[in-house]
Amino acid sequence: MIMEEHERPLTGGKFAFVTLLNISITVVEIIGGLLAGSLALITDAIHNFGDSLSIVLSYSAQRIGQRDQDERATFGYHRVEILTAFVNSLVLILISIVLVWEGIQRLLHEQAINGSVMFWTALVSFCFNMGSAVLMHADSRGSLNIKATYLHLLADALASIAVIIGSLMVMAFHIYWIDAALTVAVSLYIIYETVGVVKQTSKILLQNAPLLDYDAIIEAMTQVPGVVDVHHLHAWMEDEKDIIFSAHVNITPDAIEDIEWITAQETQLLQQRFNICHVTVQIEIKHGLNSARFAKHEML
């Protein structure tokens, strides 16, 4: 499995508090950024506004994901959270790319900055961002959806530290270009950290196979009494935790009366030894015997 921890639902109270914190940070940083003439503060404000939207989307997706299976979603709604994590991460990367461009433009056209306003605004932002990140940390361990939001918050906390350091350099040495340099550096770091979430969520959405030892699976399945062949394996991720698996299993003719027992044994084996949550086994006798391990598309 990709993650071992069970998902911990984001509570409504925590959701509301973190959202309020991020909206407050956004307002404070926009005002401070305009007064100080700091692109780094405006950059952080935009990230924080994105955080607020991300938290709302994450909480909504989590609530939808807890719904039971029905005729419209026979596997449930867990992938709503994966889709939300994917979209949140893409948005964060796109915003960061724009800010890299703006930072480069500012480097080429240096502007004076009020270091004192920049410092106090960044300090308040850091306290609020760090508080939000701490609140979301435990929830991020069991959900890619919440992890994407947590990365938003952590990135802004780190950005605030960088802005604080930059403001001190502005006040002490009047090095105004540091503001734009910080904007570029923080944005590049955010892109680097977020690409991993995009890769992981895209693999799940594309139904890429999880990392399984298929040789060991086939060997274990064929050791069940009465089983002579296993073929046409399929495995994919429902979300970041749950693996779905199906296979065709050939049995000997004299094992027909043991079909239910064989099915139960194969299911238990796959669930306990290979951590597969949902197993479908199709029992056959001669049909498909010695077929390919993975089904191949036949040309018409």
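When reading the values below, keep in mind they use all heavy atoms of this one structure, side chains included, and skip hydrogens, waters and symmetry mates.
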Could you walk me through whether L34 and L41 satisfy the side-chain contact (heavy atoms from CB on, under 4.5 Å) test, starting with their C-alpha distance in whole Å, then the side-chain angles of each, then the deciding distance to 0.1 Å, before giving a yes or no? CA-CA 9 Å; L34 292 174; L41 282 176; over 6 Å; no
Judged by atom type as modelled, is there a donor-acceptor pair below 3.5 Å linking the side chain of T194 to the main-chain atoms of I191? no
For N275 and I243: C-alpha separation, side-chain torsions, deciding distance, then whether side-chain contact (heavy atoms from CB on, under 4.5 Å) applies. CA-CA 8 Å; N275 296 320; I243 299 175; 5.7 Å; no
Is there a side-chain contact between F86 and L90 (heavy atoms, below 4.5 Å)? yes
Using the rule that Ile, Leu, Val, Met, Phe, Trp and Tyr join whenever any side-chain heavy atoms are under 4.5 Å apart, tell me whether I251 and V228 fall into a single cluster. no
Do other residues, nucleotides or ligands put more than 12 heavy atoms under 6.0 Å from W261 CH2? yes
Which atom of V163 lies closest to which atom of A122, heavy atoms considered: CG1-CB, 3.5 Å
To the nearest 0.5 Å, how far apart are CG in L123 and CZ in F128? 10.5 Å
With ILVMFWY side chains joined below 4.5 Å, transitively, what does V27's cluster contain besides itself? I31, L35, V117
Evaluate the side-chain proximity of Q265 to V227: yes if any heavy-atom separation is below 4.5 Å, no if none is. no
Looking only at heavy atoms, which two atoms of M118 and A36 are closest? And how far apart? N-CB, 3.9 Å
Any H278 side-chain heavy atom under 4.5 Å of T280 side chain: yes
Would you sort out whether Q268 and V279 count as a side-chain contact (heavy atoms from CB on, under 4.5 Å), showing the intermediate values? CA-CA 9 Å; Q268 184 180 36; V279 177; over 6 Å; no
Are N208 and W236 packed together at the side-chain level, in the sense that at least one heavy-atom pair is separated by less than 4.5 angstrom? no
Does any non-hydrogen side-chain atom of D215 lie less than 4.5 Å from one of R293? yes
Would you confirm whether S167, through its side chain, and I164, through its main-chain N or O, come within 3.5 Å as a donor-acceptor pair? yes
For the student: nearest non-hydrogen atoms of S291 and D229, plus distance: N-OD2, 4.1 Å
Just so I know, are the side chains of V170 and D179 near enough to count as touching, which here means a heavy-atom distance under 4.5 Å? no
Quick check: are there more than 12 heavy atoms from other residues, nucleotides or ligands sitting under 6.0 Å from CE of M130? no
Any chance you could measure M169, atom CE, to L182, atom CG, to the nearest 0.5 Å? 8.5 Å
Listed partners of H248 passing ring pair (Phe, Tyr, Trp, His ring centres under 6.0 Å), at least two apart: H231, H232
Give me the atom names and distance for the closest heavy-atom approach of T121 to G32. OG1-CA, 3.6 Å
Following the transitive rule for hydrophobic clusters with a side-chain heavy-atom cut-off under 4.5 Å over Ile, Leu, Val, Met, Phe, Trp and Tyr, establish whether I244 and L206 coincide in one cluster. no
Do you reckon Y192 sits in the same ILVMFWY cluster as L92, going by side-chain contacts under 4.5 Å, direct or chained? no
Between OG of S38 and CD1 of I178, what distance do you get to the nearest 0.5 Å? 11.0 Å
Determine whether D213 and I217 make a side-chain contact, defined as any pair of heavy atoms from C-beta on separated by less than 4.5 Å. no
Measure the shortest side-chain to side-chain distance between E102 and R106 over non-hydrogen atoms and say whether it is less than 4.5 angstrom. no
First locate atom CD1 of I285, then atom CG of D254, and finally report the distance between them rounded to the nearest 0.5 Å. 9.5 Å
Taken to the nearest 0.5 Å, the spacing of L21 CG from S125 OG works out to 10.5 Å
Over all heavy atoms of both residues, which pair between A255 and G226 is shortest? Give the atoms and the distance, please. CB-CA, 4.1 Å
Please determine whether residues L269 and I259 belong to a single hydrophobic cluster, defined as Ile, Leu, Val, Met, Phe, Trp and Tyr linked transitively by side-chain heavy-atom distances below 4.5 Å. yes
Kindly say whether K199 contributes a backbone atom to a donor-acceptor pair with the side chain of S202 at under 3.5 angstrom? yes
Determine, using the 4.5 Å side-chain heavy-atom cutoff (strictly less than), whether L94 and L205 are members of one ILVMFWY cluster. no
With ring pair (Phe, Tyr, Trp, His ring centres under 6.0 Å) as the test, pick out the partner of Y214 among F294, F245, F274. F294
Identify the heavy atoms of Q282 and E284 that sit nearest to each other, and give their distance. NE2-OE2, 3.0 Å
